[in-house]
Amino acid sequence: MITVDTTSSVAAMDRPPAEPPLIAVENVTMRFPIPKRYREWVLSPLQPRRVSTALSHVSVEVQAGDRIAVMGPNGAGKTTLLKLIGGLLLPSEGRVLVKGCSTLDEGTAARKSVGFVFNEERSFFWRLTGAQNLEFFGALDNLHGHELRERVQNLLELVGLKNDGNKLVSAYSAGMKQRLAIARVLIADPDVLILDEPTRALDPVACDEFVELILANIHHNFRKTLLIATHRSEDASLLCNKVMIVEGGGIRSMKSIDELRSDGVTVLEHYRKLIVNGRAS
């Protein structure tokens with residue numbers, strides 16, 4: 001008589017299916033052509049241009065609700081990786097999926113799920129007020145009339161600019177511009193918010209206010225998935241639940257903040273061990 005153990009199969013059926021990742025970077029390589037110098041055009045005009053490899057065979061998954069600090073030295077490939085996720089660049093090899101949509105084949109759908117806040121925002125119209133800027137960008141996202149005006153006022157209040165919405169952007173401080181940039185991105189209600197070195201131009205007080213804005217308002221109220229490129233270990237510890245270390249066009253490590261703390265290691269010590277001490281050895 002043959003008996004069949006159905007315990008494991010029944011248990012597997014009882015378990016809920018694993019949630020698919022919100023973002024999946026699959027074996028991505030990114031190359032950029034290196035412009036020829038005048039001498040090269042004269043001496044070897046038919047020779048193909050050289051290329052620079054910014055990322056090489058990178059794979060990573062991001063779950064909904066993650067808050068990931070993306071750290072690494074300058075030129076490591078951090079911004080390139082974030083621009084690929086945001087659909088601002090297309091990979092040379094591999095693919096990037098956002099909510100199951102490929103940035104290569106379904107770029108419009110994928111980009112709708114991602115909002116990108118640059119560290120130096122240059123897209124605002126400085127002779128317009130903050131509210132007028134948001135109304136303009138909201139109209140580009142097909143919002144109009146009462147719905148648009150209400151959304152703008154709610155976002156100005158959310159980012160702490162309720163009393164400054166009627167000021168010209170030219171009179172805004174660096175911290176106020178950063179807040180306005182976040183409000184602009186949130187108009188389209190993306191699932192993912194990418195912040196590229198958000199505190200680089202801010203003074204210590206503005207940094208603290210920005211951290212409070214992200215934690216108390218953006219994350220608590222909206223539950224956005226956050227990808228934050230930063231050189232500040234303090235930002236990583238306060239804002240994020242995971243740390244991704246990028247170096248040499250690849251991902252060296254992806255660990256949770258809780259895991260580092262349980263090992264008695266700070267974010268800075270973890271970074272030093274991988275990057276600084278790794279180079280010394």
Side-chain angles (χ1 to χ4, degrees), residues 11-12 15-28 54-85 94 96-98 117 119 191-200 202 204 207-220 222-281:
R15 288 197 300 268
E19 287 289 331
L22 181 62
I23 299 168
V25 178
E26 300 178 351
N27 200 31
V28 162
L55 295 172
S56 181
H57 303 292
V58 169
S59 295
V60 68
E61 292 185 350
V62 177
Q63 302 297 328
D66 273 346
R67 291 170 288 128
I68 301 177
V70 184
M71 302 182 69
N74 291 329
K78 304 186 301 296
T79 300
T80 298
L81 176 60
L82 295 180
K83 286 184 175 181
L84 285 164
I85 292 172
V96 178
L97 301 176
V98 181
V117 180
N119 54 14
D191 297 286
V192 182
L193 198 60
I194 297 177
L195 306 171
D196 186 18
E197 297 187 44
T199 60
R200 188 175 72 172
L202 305 183
C207 278
D208 288 343
E209 292 175 347
F210 181 81
V211 169
E212 180 67 18
L213 165 66
I214 295 296
L215 289 180
N217 293 352
I218 307 302
H219 179 64
H220 177 73
F222 284 83
R223 292 295 174 185
K224 300 297 182 184
T225 299
L226 301 176
L227 297 175
I228 305 175
T230 181
H231 289 293
R232 290 167 47 89
S233 59
E234 303 94 328
D235 290 351
S237 300
L238 291 172
L239 291 171
C240 302
N241 67 335
K242 294 180 181 178
V243 179
M244 179 194 303
I245 307 294
V246 181
E247 186 193 27
I251 297 176
R252 290 285 305 275
S253 170
M254 172 83 103
K255 287 196 172 186
S256 71
I257 299 292
D258 288 342
E259 184 180 357
L260 294 177
R261 287 172 180 162
S262 66
D263 292 337
V265 178
T266 67
V267 172
L268 180 58
E269 289 169 341
H270 176 60
Y271 182 87
R272 281 183 177 276
K273 180 179 179 181
L274 286 177
I275 306 300
V276 180
N277 297 344
R279 288 175 178 173
S281 60

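Values below: all heavy atoms of this structure, side chains included; hydrogens, waters and symmetry mates excluded.
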task: Take His270 and Lys255, measure what side-chain contact (heavy atoms from CB on, under 4.5 Å) needs, and give me the verdict at the end.
output: CA-CA 10 Å; His270 176 60; Lys255 287 196 172 186; 4.0 Å; yes
task: Mind running side-chain contact (heavy atoms from CB on, under 4.5 Å) on Leu84 and Val28 for me, showing each step along the way?
output: CA-CA 9 Å; Leu84 285 164; Val28 162; 3.8 Å; yes
- prompt: Can Val243 and Ser253 be said to form a side-chain contact (heavy atoms from CB on, under 4.5 Å), step by step?
  reply: CA-CA 8 Å; Val243 179; Ser253 170; over 6 Å; no
task: Evaluate the side-chain contact (heavy atoms from CB on, under 4.5 Å) criterion for residues Ile275 and Ile245: first the C-alpha distance (whole Å), next the side-chain angles of each, then the deciding distance (0.1 Å), finally the verdict.
output: CA-CA 9 Å; Ile275 306 300; Ile245 307 294; 3.8 Å; yes
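Side-chain N or O atoms of Ser59 include one that pairs as donor or acceptor with a backbone N or O of Asn27 at under 3.5 Å. At distances below 3.5 Å, not a single donor-acceptor pair connects side-chain atoms of Ser256 with backbone N or O atoms of Asn241. In this structure, Asp66 contributes its side chain and Gln63 its backbone to a donor-acceptor pair below 3.5 Å.
Side-chain atoms of Pro198 and Ile228, non-hydrogen and from C-beta on, do get closer than 4.5 Å to each other. A heavy-atom distance below 4.5 Å is not found between the side chains of Ile194 and Val117. The shortest side-chain heavy-atom distance between Leu195 and Phe210 falls under the 4.5 Å cut-off. With contacts defined as side-chain heavy-atom distances shorter than 4.5 Å, the pair Val211/Leu239 qualifies. With contacts defined as side-chain heavy-atom distances shorter than 4.5 Å, the pair Ile23/Leu97 does not qualify. No side-chain heavy atom of Met71 sits less than 4.5 Å from a side-chain heavy atom of His231. Contact annotation: the side chain of Val60 approaches that of Met244 to within less than 4.5 Å [non-hydrogen atoms, C-beta and beyond].
Counting all heavy atoms, side chain and backbone alike, Pro21 lies closest to Ala24 at CG-CB, 4.2 Å. Shortest non-hydrogen contact noted between Ala229 and Leu82 is CB-CD1, 3.5 Å. Counting all heavy atoms, side chain and backbone alike, Ala64 lies closest to Leu22 at N-CB, 3.9 Å. Counting all heavy atoms, side chain and backbone alike, Thr230 lies closest to Ala69 at CG2-CB, 4.4 Å. For the residue pair Lys78 and Gly72, the shortest heavy atom distance occurs at NZ-O, 3.0 Å.
In this structure, CG in Asp258 is found 11.0 Å from CG in Asp263, a value given to the nearest 0.5 Å. Rounding to the nearest 0.5 angstrom, the gap separating the CG atom in Asp235 from the SG atom in Cys207 is 6.0 Å. The CG atom of Leu238 sits 8.5 Å away from the CZ atom of Arg232 when rounded to the nearest 0.5 Å.
Residue Arg67 forms a side chain to side chain contact (heavy atoms under 4.5 Å, CB included) with just one option from Leu227, Ile257, Leu226, and that option is Leu226. Considering Leu81, Val25, Ile251 as possible partners of Leu55, the one that fulfils the side chain to side chain contact (heavy atoms under 4.5 Å, CB included) test is Leu81.
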